[in-house]
*Asks:* 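The structure follows.
Please read all numbers here as calculations on a predicted model, not as lab measurements.
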Amino acid sequence: MGEALQLISSPWGWVLYFVCALLIGMSKTGIQNIGTLAVPLFAFLFGAKYSTGIVLILLCIADLVAVIYYRKEFLWKEVKILLPAALFGLVVGLLLGNYINDKLFKLLIGACIIVGVGIMIWLEKTSQQRQDRLTKNRWYSPIFGFILGFSTMIGNAAGPALSVYMLSKRLSKISFAATSAWFIMLLNFTKIPLQAFVWHNLTWSGIYLNLFAIPFILLGGFIGIKIIKILPEKKFRMLIITLVVISAILLIVL
């Protein structure tokens, strides 16, 4: 437990850590991508690659909260179509991560987020007919699946690309949140043995540290549920896009 407390060296570091836990809780139950704001902040606190192990357990805890709440709302067909390519992308990210340093790791996380931002902006500006033609193409879902698997392995940064995919499918805000939560949960729990035994960045000290964050994850989950119930669909879409852009900027600046 003493080693866990030493992972964060300042009072402001603890404040930042608990705020990130709150954001992750909110993102899993309502405001998808607000948790992406925590990605660059965690990289700033712990280093880009090591932070992925610490964040992973937080994400798994938040995933469980979300899927218990949304157990009847998710769309299995959307999860099923993404999953095979996502698992392949996850393996590619795992292998690549063994050969890059922390600086390049951070740049890859940023690239994953920026690509998601670019596609999202393009989708918002293009016509509905072109969107439908694109989303019904047989390679559309597998390509996104690969990007999602790769980006979640490299830096728990699948949020932007996943939001692009779910928004392009025109899901309601509840189905959006529920389906995203179930899909990401499957990937995150798959990553636990990979990060522990291949990257060796999943440590007991990091797990003990995460125990302190559980109340903030639960509080964030409660806040997210309340917000999504009152937020109109159009404002929900705009909020998602705005949060993705902010997270990409933060990662570049930090």
Side-chain angles (χ1 to χ4, degrees), residues 24 27-28 32-33 35-36 39 42 48-68 70-71 73-100 104-105 108-116 119-120 134-169 171 175-202 206 244:
I24 287 173
S27 72
K28 294 298 182 178
Q32 183 77 19
N33 273 315
T36 309
V39 173
F42 274 121
K49 188 172 183 179
Y50 185 71
S51 71
T52 62
I54 293 178
V55 177
L56 179 58
I57 300 302
L58 289 180
L59 292 172
C60 288
I61 295 169
D63 285 333
L64 289 174
V65 174
V67 299
I68 289 171
Y70 288 124
R71 60 190 178 275
E73 304 289 345
F74 82 108
L75 302 176
W76 172 242
K77 65 177 182 178
E78 296 294 350
V79 174
K80 183 171 63 174
I81 200 172
L82 288 170
L83 205 53
L87 292 174
F88 177 65
L90 191 148
V91 171
V92 173
L94 176 73
L95 297 175
L96 184 62
N98 280 323
Y99 300 101
I100 57 178
L104 183 56
F105 206 91
L108 279 173
I109 300 174
C112 290
I113 294 177
I114 291 170
V115 167
I119 298 173
M120 187 178 293
L134 176 66
T135 57
K136 291 177 181 178
N137 195 297
R138 65 180 182 179
W139 53 260
Y140 183 76
S141 295
I143 284 180
F144 263 96
F146 176 83
I147 293 171
L148 292 168
F150 180 81
S151 57
T152 194
M153 191 70 223
I154 286 295
N156 300 305
L162 184 58
S163 291
V164 172
Y165 182 82
M166 295 300 174
L167 288 174
S168 71
K169 291 289 184 173
L171 301 183
S175 294
F176 181 111
T179 306
S180 298
W182 276 89
F183 174 73
I184 290 296
M185 183 194 72
L186 293 174
L187 291 185
N188 282 339
F189 277 87
T190 302
K191 285 157 52 181
I192 290 177
L194 301 178
Q195 297 230 5
F197 301 114
V198 180
W199 281 1
H200 303 289
N201 67 341
L202 195 62
V244 172

*Asks:* Between Ile54 and Gly206, what is the shortest heavy-atom contact and its length?
*Replies:* CG1-CA, 4.4 Å

*Asks:* When rounded to the nearest 0.5 angstrom, what is the spacing between OG1 in Thr190 and CE in Met185?
*Replies:* 9.0 Å

*Asks:* Would you call Leu202 and Thr52 a side-chain contact if the rule is heavy atoms closer than 4.5 Å?
*Replies:*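 They are not in side-chain contact.
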
*Asks:* Quick check: do Leu90 and Leu148 have side-chain heavy atoms less than 4.5 Å from each other?
*Replies:* no

*Asks:* A side-chain contact here means heavy atoms from C-beta on lying under 4.5 Å apart; do Ile143 and Phe146 qualify?
*Replies:*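 No, their side chains stay 4.5 Å or more apart.
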
*Asks:* Rounded to the nearest 0.5 Å, how far apart are CG of Leu186 and NZ of Lys80?
*Replies:*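 One gets 13.5 Å once the value is rounded to the nearest 0.5 Å.
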
*Asks:* Under the rule for ring-ring contact (aromatic ring centres under 6.0 Å, His included), what residues qualify as partners of Tyr140, not counting sequence neighbours?
*Replies:* Phe144, Tyr165

*Asks:* Between Lys191 and Thr152 (side chain of the first, backbone of the second, donor and acceptor by atom type, cut-off under 3.5 Å), is there such a pair?
*Replies:*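 Checked: pair present.
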
*Asks:* Considering the options Val65, Ile61, Leu58, Asp63, which one meets the side-chain contact (heavy atoms from CB on, under 4.5 Å) requirement together with Ile24?
*Replies:* Leu58

*Asks:* What I'd like to find out is whether the side chain of Trp199 reaches to under 4.5 Å of the side chain of Met153, using heavy atoms alone.
*Replies:*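 Yes, at least one pair of side-chain atoms sits under 4.5 Å.
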
*Asks:* Enter the distance from Ser175:OG to Met166:CE here, rounded to the nearest 0.5 Å.
*Replies:*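 Here the interatomic distance stands at 10.0 Å.
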
*Asks:* Side chain to side chain contact (heavy atoms under 4.5 Å, CB included) between Leu87 and Leu187: does it pass, once the steps are laid out?
*Replies:* CA-CA 7 Å; Leu87 292 174; Leu187 291 185; 4.0 Å; yes

*Asks:* Looking at Phe183, Trp182, Phe176, which hits side-chain contact (heavy atoms from CB on, under 4.5 Å) with Ser180?
*Replies:* Phe176

*Asks:* Looking at every heavy atom in both Thr179 and Leu75, which two are closest together, and how far apart are they?
*Replies:* OG1-N, 3.0 Å

*Asks:* Kindly compute the distance separating CG (Leu194) from CG (Asn201), expressed to the nearest 0.5 Å.
*Replies:* 10.5 Å

*Asks:* On a heavy-atom basis, which atom in Pro142 and which in Ala85 lie closest, and how many Å separate them?
*Replies:* O-CB, 3.1 Å

